[in-house]
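In what follows, a structure is listed as structure tokens, so that the remarks can point back to it.
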Amino acid sequence: MTTVQMQNVKHIKTDKVAELATATWSNCLVIGNEISMSGMTAHPASRNSVLSTYEQTLVVLGKVRDLVEAAGGTLGSIYKLVIYVKDIADKDEVGRARRDFFAAPQPCPFPCSTLVEVSGLVFPELTVEIDAFARLDIDLQQAVN
């Protein structure tokens with residue numbers, strides 16, 4: 001009989017990214033060194049004002065960074081993004097936001113990425129949602145070219 005070593009699981013919360021008490025999901029879990037996040041959107045900022053896809057992407061990436069940092073990682077811990085857009089024509093705005101976001105404070109290799117068009121997101125004003133994958137034991141800022 002094989003014994004399976006169970007991994008510790010931590011539920012990560014931060015005041016910077018709201019997680020409602022009534023939510024039926026977790027925004028962020030850390031399992032071993034893996035940081036797993038739910039798809040992030042610009043909600044509720046998108047309800048307070050009209051945001052372009054560029055602006056929504058920056059809000060979402062900020063939430064991802066905040067969760068990764070709350071889990072003990074850094075911006076360089078993010079290694080993969082899956083980006084869902086309602087209009088594939090917005091791909092250039094998403095790309096510009098990614099360049100601007102990951103260029104500061106110092107440039108590093110960009111995370112791997114997938115970009116797909118979807119017919120809709122949870123709220124009509126949303127134009128982008130991002131799934132992010134990160135690990136506590138990597139730092140793309142230390143990557144060798």
Side-chain angles (χ1 to χ4, degrees), residues 4 6-143 145:
V4 176
M6 298 296 287
Q7 293 283 330
N8 288 332
V9 177
K10 296 177 192 168
H11 183 192
I12 303 301
K13 293 183 181 182
T14 175
D15 292 339
K16 295 179 180 180
V17 182
E19 185 170 315
L20 301 174
T22 58
T24 57
W25 66 91
S26 298
N27 280 339
C28 183
L29 299 174
V30 175
I31 306 159
N33 284 318
E34 188 73 23
I35 302 170
S36 180
M37 289 171 264
S38 292
M40 293 286 127
T41 68
H43 182 77
S46 59
R47 287 267 162 109
N48 300 330
S49 62
V50 177
L51 300 177
S52 68
T53 298
Y54 171 82
E55 293 166 323
Q56 286 191 33
T57 303
L58 289 176
V59 169
V60 175
L61 292 172
K63 287 181 173 184
V64 167
R65 179 197 56 227
D66 291 342
L67 287 167
V68 168
E69 288 177 351
T74 67
L75 195 61
S77 302
I78 304 165
Y79 68 87
K80 170 83 175 173
L81 300 172
V82 179
I83 303 169
Y84 307 93
V85 292
K86 282 186 9 184
D87 185 348
I88 200 68
D90 288 340
K91 67 180 174 44
D92 292 336
E93 290 302 294
V94 170
R96 181 167 68 99
R98 292 186 62 215
R99 277 190 304 280
D100 291 349
F101 186 82
F102 285 102
Q106 66 183 42
C108 63
F110 291 104
C112 297
S113 185
T114 300
L115 177 73
V116 295
E117 182 180 50
V118 296
S119 62
L121 297 169
V122 68
F123 297 117
E125 74 275 7
L126 295 173
T127 59
V128 63
E129 182 168 337
I130 300 177
D131 287 340
F133 302 85
R135 290 189 60 88
L136 292 172
D137 57 352
I138 65 168
D139 184 353
L140 292 182
Q141 293 177 339
Q142 305 299 319
N145 291 328

After noting the C-alpha distance and the side-chain angles of R98 and S113, does the key distance pass the side-chain contact (heavy atoms from CB on, under 4.5 Å) rule? CA-CA 10 Å; R98 292 186 62 215; S113 185; 3.5 Å; yes
Nearest 0.5 Å, what's the [atom1]-[atom2] distance between [X] and [Y]?
X    : Y    : atom1 : atom2 : value
S26  : M37  : OG    : CE    : 13.0 Å
R96  : E93  : CZ    : CD    : 4.5 Å
I78  : L140 : CD1   : CG    : 8.5 Å
I138 : L136 : CD1   : CG    : 9.5 Å

Is it the case that more than 12 heavy atoms not belonging to D15 sit under 6.0 Å from its CG atom?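 Not buried by this count: 12 neighbours or fewer within 6.0 Å.
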Quick one: ring-ring contact (aromatic ring centres under 6.0 Å, His included) pairs with a partner in residues 50-77, sequence neighbours left out?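 Qualifying pairs, neighbours excluded: none.
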Can you check whether [Y]'s main-chain N or O pairs, donor with acceptor, with [X]'s side chain at less than 3.5 Å?
X    : Y    : answer
Q142 : D139 : no
N27  : I12  : no
T14  : V17  : no

Is there a side-chain contact (heavy atoms from CB on, under 4.5 Å) between V30 and N8 once you walk through the steps? CA-CA 8 Å; V30 175; N8 288 332; over 6 Å; no
Over all atoms of both residues, closest heavy-atom pair of I35 and A71: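 Between these two residues, the closest heavy atoms are CD1-CB, 4.0 Å.
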For a quick test of reading the model, state the closest non-hydrogen atom pair linking I31 to Q7 and the distance between them.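 Between these two residues, the closest heavy atoms are CG2-CB, 3.9 Å.
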Measuring only between side-chain heavy atoms, which start at C-beta, is [X] closer than 4.5 Å to [Y]?
X    : Y    : result
R135 : S77  : no
S46  : F123 : no
H11  : E19  : yes
L58  : L51  : no

Would you mind writing out the side-chain donor-acceptor pairs for residues 61-68 within the sub-3.5 Å range, not counting sequence neighbours?
| unit_1 | atom_1 | unit_2 | atom_2 | d |
| --- | --- | --- | --- | --- |
| K63 | NZ | T41 | O | 2.7 |
| K63 | NZ | H43 | O | 2.5 |

Taking atom types as modelled, is there a side-chain donor on T53 or Q56 under 3.5 Å from an acceptor on the other?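 No.
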Considering only distance and modelled atom types, tabulate donor-acceptor pairs under 3.5 Å from the side chains of residues 79-87, sequence neighbours left out.
| unit_1 | atom_1 | unit_2 | atom_2 | d |
| --- | --- | --- | --- | --- |
| Y79 | OH | E34 | OE2 | 2.9 |
| K80 | NZ | T114 | OG1 | 2.8 |
| Y84 | OH | D131 | OD2 | 3.0 |
| K86 | NZ | P124 | O | 2.7 |
| K86 | NZ | L126 | O | 3.3 |
| D87 | OD1 | A89 | N | 2.9 |

